[in-house]
2 protein chains.
Amino acid sequence: MPTSRRERPAKPALTRAGIIATAVEVLRAEGLEKVTMRRLAQELDTGAASLYVYVRNTAELHAAVLDELLGEVDLTVAGDWRARVTGILESYTAVLLRYPSLARSALVSWPTGEHFLTVVESLLAALDDGLVPAGQAAWGVDLLLLHATATAVEHGTRRESLDRDDEWEALSTAVQGVSPERFPHLASLRTEMLSGAGGGRMTWGFDVLINGIVHTSVP
Amino acid sequence: MPTSRRERPAKPALTRAGIIATAVEVLRAEGLEKVTMRRLAQELDTGAASLYVYVRNTAELHAAVLDELLGEVDLTVAGDWRARVTGILESYTAVLLRYPSLARSALVSWPTGEHFLTVVESLLAALDDGLVPAGQAAWGVDLLLLHATATAVEHGTRRESLDRDDEWEALSTAVQGVSPERFPHLASLRTEMLSGAGGGRMTWGFDVLINGIVHTSVP
DNA sequence: ACCTGAACACCGTTCAAGT
DNA sequence: ACCTGAACACCGTTCAAGT
């Protein structure tokens with residue numbers, strides 16, 4: 001008969017939801033690089049092999065974590081249809097920018113979770129309001145989300161590790177020091193190429209896509 | 001005095017160029033996952049630590065390999081400026097599609113090598129022919145190459161590993177089986193969302209971007 | 001069915017010691 | 001300056017054995 005005064009907190013039963021919740025915690029605290037099977041197992045006081053009952057592999061785990069975070073995307077943007085499309089995409093990008101390594105995995109294995117589908121639905125609704133033809137809207141949403149994700153990967157990683165500054169400098173000096181004989185256009189557009197690193201360039205990118213989608217019919 | 005009949009092929013001196021050449025070989029034969037410091041060292045008959053004299057880290061190595069391969073991009077496309085832009089981008093995408101894992105690394109650490117700069121120069125020249133304003137051309141090239149790279153990552157990875165078929169099926173059933181009450185737009189656009197998996201969709205994407213760039217002035 | 005420990009087959013990077 | 005072996009601190013995944 002166990003005398004159970006002052007027991008250590010009972011080891012909670014392993015569940016898929018519990019594993020994903022722990023993964024989100026580790027992600028927020030230490031980044032995706034630490035969201036490994038071994039580390040999660042340690043956190044859950046078990047062995048890595050046990051997790052494979054609930055999760056197919058690391059990629060599937062990361063996809064589940066991503067969908068969880070996509071619940072934070074703000075879908076209630078005010079304004080006309082264009083402002084709504086841009087606003088949703090900016091919110092989506094902002095979430096991914098907080099976890100650039102997750103953005104990377106989103107690009108590799110396209111998400112299919114509830115929260116992701118909700119984002120897609122909201123974008124389709126806004127495009128419908130804008131009277132964008134169905135075919136263009138369907139393909140366009142794909143383009144918009146691909147661009148938002150790629151932007152997050154590109155900018156996010158830059159911030160994540162410290163040698164991104166080195167890299168910006170490498171790019172900058174590569175463009176600055178380009179030979180005007182061999183790369184005349186590039187040399188004369190140096191300034192423009194490197195300008196507008198901030199949000200202005202991101203907004204311009206979304207505008208380009210929206211204008212293009214509106215003006216380009218599907219084959 | 002060494003009697004040197006029948007020597008084993010002399011171990012070649014370690015150079016940066018030699019390391020990168022070996023990396024390209026391994027990449028072509030077995031994919032980027034095998035292009036590791038340890039594996040390359042083994043191939044070059046030395047220890048992994050020796051490579052760090054010539055290469056800062058794995059990321060820098062992969063960037064160098066990528067630029068090497070970008071020498072294969074076809075820049076001599078015939079036709080008007082739009083055809084040239086699309087053609088160069090399609091060739092660029094095709095190269096990355098052969099090595100999707102390299103495309104992934106291109107997105108993370110933007111290339112700055114000679115071959116990459118040549119691609120940029122060619123695109124700028126074509127846009128200039130099309131009388132695209134300088135500011136739009138400069139930012140536009142970035143957008144076009146980001147899209148091409150992201151497309152390669154997205155499609156390429158699908159082919160690389162076998163469980164990409166599972167994934168397409170997952171996406172397909174997720175979209176097919178979506179609840180018409182909660183996701184009305186998505187449900188009614190099911191067919192369009194999943195259509196045009198081939199090259200038509202990629203070409204449409206480039207057209208959207210070109211049209212958008214032409215029609216959207218920079219702030 | 002689920003859980004576990006141990007094993008297999010790897011990684012990147014650093015460092016002291018040699019040449 | 002360059003090269004090396006060994007070490008540190010990790011990975012994902014599988015599998016036989018247990019409960």
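Since we're looking at a predicted model, the values are computed, not measured. For the numbers below, each heavy atom of this structure counts, side chains included, while hydrogens, waters and symmetry mates do not. The chains referred to below are lettered A, B, ... by the order of the sequence lines, with proteins before strands, and numbering in each begins at 1.
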Show your working on salt bridge (Lys or Arg N to Asp or Glu O under 4.0 Å) between B/Arg16 and B/Glu60 and close with a plain yes or no.
CA-CA 12 Å; B/Arg16 187 179 156 91; B/Glu60 203 225 331; 3.0 Å; yes
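Within the structure, every side-chain polar atom (N or O) of A/Tyr52 is placed at least 4.0 Å from both OP1 and OP2 of D/dG12. Between D/dT4 and B/Ser50, a contact under 4.0 Å exists linking OP1 or OP2 to a side-chain N or O. At D/dC11, one or more side-chain N or O atoms of A/Thr36 fall inside 4.0 Å of OP1 or OP2 (strictly under the cut-off).
D/dC10 atom C1' lies 16 Å from atom CG of A/Leu32, rounded to whole Å. Note: CD (A/Gln42) to P (C/dG5) measures 13 Å, nearest angstrom. The interatomic distance linking B/Asp45 (CG) with D/dC3 (P) rounds to 13 Å, in whole Å. If you take CG of A/Leu61 and C1' of D/dC11, they are 14 Å apart, rounded to a whole angstrom. As rounded to whole Å, 11 Å separates atom C1' of D/dG5 from atom CZ of B/Arg38. Here the P atom of nucleotide C/dG12 and the NZ atom of B/Lys34 are 12 Å apart, to the nearest Å. Rounded to a whole Å, the CG atom of A/Leu40 is 13 Å from the P atom of D/dT13. Computed from coordinates, the B/Ile19 CD1 to D/dC2 P distance equals 11 Å when rounded to whole Å.
Ion pairing of B/Arg182 with A/Glu114 is present here, as a side-chain N (NZ or NE/NH1/NH2) and a carboxylate O approach within less than 4.0 Å. Residues B/Glu68 and B/Arg28 are not paired through a salt bridge, judged by the lack of any N-O separation under 4.0 Å between the basic side chain and the carboxylate.
Relative to the side chain of A/Thr58, the nucleotides C/dT13, D/dT13, D/dT4 differ in distance, and D/dT13 lies closest. The side chain of B/Asn57 has C/dT13 as its nearest neighbour among C/dT13, D/dT13, C/dC2. Distances from the side chain of A/Tyr54 to the nucleotides C/dT13, D/dC2, C/dC3 place C/dC3 closest. Each of C/dA7, C/dC2, D/dT4 was ranked by its minimum atom distance to the side chain of B/Ala49; first place goes to D/dT4.
Of the nucleotides present, C/dG18 is the one that pairs with D/dC2 by Watson-Crick or G-U wobble criteria, both distances under 3.5 Å. In this entry D/dT13 has C/dA7 as its Watson-Crick or G-U wobble partner, both defining distances falling under 3.5 Å.
Below 30°, between 30° and 60°, or above 60°: for B/Phe116 and B/Tyr92 the angle between ring planes is between 30° and 60°, a tilted geometry. Below 30°, between 30° and 60°, or above 60°: for A/His147 and A/Phe206 the angle between ring planes is above 60°, a perpendicular geometry.
For the C1' atoms, the distance linking C/dC2 with D/dA17 amounts to 13 Å, nearest Å. C/dC11 and D/dA6 are spaced 16 Å apart, taking the C1' atom of each and rounding to whole Å.
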